[in-house]
Amino acid sequence: MAGRAPRAPTLVIREQLVAALRAALAEVGFSEPAGGVALEPPKHRDHGDWSSPVALPVAKEVGEKPRDVAAKIVERLEAMRPPHVERIEIAGPGFINIHLAPTWLHDVLRVVVAEGEAFGRGDALAGGRINLEFVSSNPTGPLHAGGGRWVAVGDALANLLAAQGAEVHREYYLNDAGNQLDTFGASLFARYEGREPPEDGYQGEYLVEMAARLRADLGDSVTEEQAREWGYLDIVSQLERDLGRIGVHFDTWFSERTLHERGEVEKVIADLRSGGHAFENDGALWLRSTAFGDQRDRVLVKSDGVTTYLCNDLAYHRDKFARGWDHLIDIWGADHHGQVKSLQSGLEALGFPVGEPEVVLGQFVNVVRGGEVVRMSKRAGAIVTLADILDEVDPDVCRLTFLLQSIDTAQTFDLDVVTKQSMDNPVYYVQYAHARAVSIERTASERGVTRLPILDTNLAPLTHERELDLLRALATYPDDVAEASELRAPHRIATWVRDFASRFHGFYRDCRVINDDVALTQSRLWLAEASRIGLANALALLGVGAPDVMERLDDDTEDEADLS
RNA sequence: GCGCCCGUAGCUCAGUGGACAGAGCGACGGACUUCUAAUCCGUUGGUCGGGGGUUCGAGUCCCUCCGGGCGCGCCA
């Protein structure tokens with residue numbers, strides 16, 4: 001038992017209640033329904049703290065009225081007197097609603113405080129070694145604004161997986177071996193020589209600025225190849241710098257070239273051939289991916305002898321496994337969804353488990369400025385970069401804006417809204433809640449009010465609906481984290497923290513923490529601290545800062561004009 | 001034609017098969033001698049795109065239709 005993490009309080013009480021329900025069912029002589037004994041926190045307060053619909057399917061099975069079945073179960077349940085249970089009601093069509101005494105929420109508070117920074121963590125992925133690849137924008141230009149979505153989502157997902165016990169490796173794949181880089185090099189070289197880039201090259205203005213620095217660095221007799229290599233390295237350092245500004249750091253920047261240099265691509269081809277998964281047709285070598293459920297077969301080696309992106313990507317993903325990661329997750333834009341099955345087919349052909357890599361697809365971001373969608377194309381040149389945005393707006397605003405929305409829906413990133421330091425920005429709303437919690441403790445200590453150890457604190461005074469409301473949200477938090485991790489849905493944490501901030505502001509307004517009642521003050525100080533922990537932990541998962549102090553905004557919109 | 005995603009309040013979006021579908025913004029009306037009013041409270045707001053089906057129970061699962069986005073290269 002040493003070192004075992006404390007169990008989430010919701011799990012403890014839920015297991016106790018489910019066990020009691022099971023026992024009650026057995027005593028009455030009902031068998032457990034196929035779906036098991038469901039128990040969940042109801043949406044409405046009136047429906048108690050926990051609710052079970054178990055009587056409904058059972059009634060169907062035995063051919064009795066649901067409410068009658070529920071009554072029998074409840075009778076036994078009440079006789080068992082499970083912990084914290086205050087009363088049990090039958091409601092609606094036959095729901096069993098269990099109302100608990102506030103004591104169970106007081107236990108929750110103690111757990112939150114005891115766990116501190118660890119509160120919310122789970123062990124669902126303990127022992128897992130996960131390689132998470134995200135962003136992986138081509139090293140031919142700066143990250144554009146929409147790419148910020150993958151930065152924010154990828155980093156938060158990495159945090160989530162780690163919070164479930166996995167060892168997570170953040171990886172960025174550099175496509176530095178393809179003809180895109182040649183095109184980029186030619187374009188930069190053209191700028192260097194004062195010419196326009198080739199028609200199908202990169203037209204972006206950033207190459208003009210880079211060409212000037214290239215000349216300053218390497219002088220006047222640079223070759224095209226030198227320009228390409230210098231430019232490539234410069235872009236990578238720009239990427240690292242911009243990602244650093246938003247607080248994301250990759251463990252590995254993986255160069256595609258190294259795969260070719262080590263002969264890994266050739267080995268993949270040889271293995272697919274010997275495994276009988278490749279065939280020749282029209283002078284090209286094909287992967288028989290239809291054998292693994294792909295819609296059509298895919299080319300591995302073109303008739304000109306050059307390997308395809310897919311072929312190289314197979315070598316890359318095999319290399320990830322070779323480096324010791326036992327599960328691979330890639331975050332891709334939805335426009336690449338057609339490649340998922342091909343890659344998975346190839347890896348399966350190479351002997352890896354079905355479904356590797358797991359690909360998390362995210363819908364596109366429409367960047368809007370002045371009411372119009374800004375097309376993001378490095379080649380066409382009309383881009384708004386992530387760095388541009390970070391010049392104007394706090395990284396936290398950027399991150400939370402991207403994280404509040406499910407990646408299953410296309411997002412509109414309105415620069416006019418985001419760059420405006422708006423009063424109703426959810427980031428400030430949430431951060432303000434944290435700053436308020438800290439402010440309470442600060443004020444208390446300034447006034448000589450010392451928070452005593454929680455073990456010596458009587459939490460019974462915490463009975464106000466606002467107080468219980470906060471604790472209910474804290475009680476579900478570990479489950480919410482586990483679920484967000486499992487569903488690869490960091491936005492659920494963003495919505496949790498926004499909801500929790502709302503509850504905290506309500507508490508702050510209605511429940512004065514520092515007051516004349518010593519016992520009430522002590523218990524509320526601990527509730528404020530538990531709330532701070534919840535806010536800080538959730539924000540940490542999102543990669544958003546949790547400031548101790550926030551400057552009051554200058555209110556220049558409401559001048560005191562009534563001087564008459 | 002095939003595949004993936006989406007359609008929920010005026011707008012932007014939440015919503016692991018459970019009860020009367022929620023939040024923010026907007027609009028309207030209130031609350032600062034108090035631990036920070038970047039806050040709170042109230043009112044206004046809905047054929048969950050349409051139609052079938054499965055289920056004791058469907059915004060959620062299945063089928064179909066409509067509408068929108070994105071893919072279906074010996075490009076990367």
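Residue numbering restarts at 1 for every chain, and letters A, B, ... go by the order of the sequence lines.
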Scan nucleotides 71-73 of chain B against the protein and return all N/O pairs shorter than 3.5 Å with their distances rounded to 0.1 Å.
none

Notebook entry, point to check: Considering Watson-Crick and G-U wobble pairs with both distances under 3.5 Å, what does B/G3 pair with?
Noted result: B/C70
Next item on the list: Between B/U54 and B/C63, how far apart are the P atoms? Round to whole Å, please.
Entry: 15 Å
Note to self: By nearest atom, which of the nucleotides B/C35, B/A19, B/A76 is closest to the A/V513 side chain?
What the structure shows: B/C35
Next item on the list: Can you tell me the distance, in whole Å, between the CD1 atom of A/I440 and the P atom of B/C35?
Entry: 11 Å
Margin query: Whether A/H491 contacts B/C13 is assessed here as follows: a side-chain N or O lying under 4.0 Å from the phosphate OP1 or OP2. Is that the case?
Written below: no
Item checked: Any strand: nucleotide that pairs with B/U54 via Watson-Crick or wobble, under 3.5 Å -> none
Check: When we call it a touch if two heavy atoms are under 4.0 Å apart, what does A/R436 touch: a base, just sugar-phosphate, or nothing?
Finding: sugar-phosphate
Check: What's the closest nucleotide to the A/K302 side chain, out of B/C40, B/C13, B/C75?
Finding: B/C75
Check: What is the distance from CZ of A/F402 to P of B/C13, rounded to the nearest Å?
Finding: 13 Å
Notebook entry, point to check: At under 4.0 Å between heavy atoms, what does A/V549 touch on the DNA or RNA strands: base, sugar-phosphate, or nothing?
Noted result: base
Next item on the list: Identify whether any heavy atom of A/N281 sits under 4.0 Å from a base atom; if not, whether one sits that close to sugar-phosphate; answer base, sugar-phosphate or nothing.
Entry: base
Notebook entry, point to check: At under 4.0 Å between heavy atoms, what does A/N175 touch on the DNA or RNA strands: base, sugar-phosphate, or nothing?
Noted result: nothing
Next item on the list: Under 4.0 Å between any heavy atoms, over every strand shown, what does A/S303 touch: base, sugar-phosphate, or nothing? Just pick one.
Entry: base
Check: Using a cut-off of 4.0 Å on non-hydrogen atoms, how would the nucleic acid contact of A/C511 be classed: base, sugar-phosphate, or nothing?
Finding: base
Notebook entry, point to check: Would you say A/E486 has more than 12 foreign heavy atoms packed within less than 6.0 Å of its CD?
Noted result: no
Check: A/Y429 side chain N/O closer than 4.0 Å to the phosphate oxygens (OP1, OP2) of B/C40?
Finding: yes
Notebook entry, point to check: Hey, is A/R45 close enough to A/D469 for a salt bridge, meaning N to O under 4.0 Å?
Noted result: yes
Margin query: Rounding to an integer number of Å, can you tell me how far A/Y202 OH sits from B/A76 P?
Written below: 12 Å
Next item on the list: Just name whichever nucleotide pairs with B/G22, Watson-Crick or G-U, keeping both distances under 3.5 Å, else none.
Entry: B/C13
Check: Can you tell me how far C1' in B/A19 sits from the matching atom in B/A58, rounded to whole Å?
Finding: 13 Å
Notebook entry, point to check: CD of A/Q363 versus C1' of B/C4: gap in Å, rounded?
Noted result: 8 Å
Next item on the list: Treat primed atoms plus P, OP1 and OP2 as sugar-phosphate and everything else as base, then score nucleotides 54-59 of chain B 5' to 3': B for base contact with protein heavy atoms under 4.0 Å, S for sugar-phosphate contact only, - for none.
Entry: --B---
Check: Counting only Watson-Crick or G-U wobble pairs whose two distances fall under 3.5 Å, which nucleotide matches B/U60?
Finding: none
Check: Is there a side-chain polar atom (N or O) of A/Y508 under 4.0 Å from OP1 or OP2 of B/A37?
Finding: yes
Next item on the list: Could I get the full list of side-chain hydrogen bond (donor to acceptor under 3.5 Å, both in side chains) partners for A/Q180, not counting sequence neighbours?
Entry: A/N138
Margin query: How about CG on A/D304, more than 12 heavy atoms from neighbouring residues, nucleotides or ligands closer than 6.0 Å, or not?
Written below: yes
Item checked: No-hydrogen, no-angle side-chain donor-acceptor test under 3.5 Å, A/H260 and A/E264 -> no
Notebook entry, point to check: How is A/S51 classified with respect to the nucleic acid when contacts are heavy atoms under 4.0 Å: base, sugar-phosphate, or nothing?
Noted result: base
Checklist line | Watson-Crick or G-U wobble mate for B/C35, both contacts under 3.5 Å | finding: none
Checklist line | Along RNA chain B (nearest heavy atom to each residue), the more 5'-positioned of A/G178 and A/T412 | finding: A/T412
Margin query: Any base atoms under 4.0 Å from A/D282, or only sugar-phosphate, or nothing? Heavy atoms, all strands.
Written below: base
Note to self: Over all strands shown, is A/R498 touching base, sugar-phosphate only, or nothing at heavy-atom distances under 4.0 angstrom?
What the structure shows: nothing
Next item on the list: Using a heavy-atom cut-off of under 4.0 Å over every strand shown, decide if A/H47 touches base, sugar-phosphate, or nothing.
Entry: base
Next item on the list: Assign each of A/A410 and A/D297 to its nearest nucleotide of RNA chain B by heavy atoms, then name whichever residue's nucleotide is nearer the 5' end.
Entry: A/A410
Margin query: By the 4.0 Å heavy-atom rule, please label A/D200 as base, sugar-phosphate, or nothing.
Written below: nothing
Margin query: Checking contacts here: which listed nucleotide (B/A76, B/A19, B/C6) is nearest the side-chain heavy atoms of A/P42?
Written below: B/A19
Checklist line | Nearest-angstrom distance from the residue atom CZ of A/R503 to P of B/G24 | finding: 12 Å
Notebook entry, point to check: So what does A/A91 touch, heavy atoms closer than 4.0 Å: a base, only the sugar-phosphate, or nothing?
Noted result: base
Checklist line | Atom-pair distance (CG on A/D313; C1' on B/C75), nearest Å | finding: 14 Å
Note to self: Could you check whether A/R472 pairs with A/D49 (Lys NZ or Arg NE/NH1/NH2 to Asp/Glu carboxylate O, under 4.0 Å)?
What the structure shows: yes
Note to self: Need the glycosidic conformation of B/C32: syn if within 90° of 0, anti if not. Which one?
What the structure shows: syn
Next item on the list: Report the distance from atom CD of A/Q405 to atom P of B/U8, rounded to the nearest whole Å.
Entry: 12 Å
Checklist line | Spacing between A/D408 atom CG and B/A14 atom C1', to the nearest angstrom | finding: 13 Å
Margin query: Counting only side-chain nitrogens and oxygens, does A/R492 get under 4.0 Å of the OP1 or OP2 atom of B/C13?
Written below: no
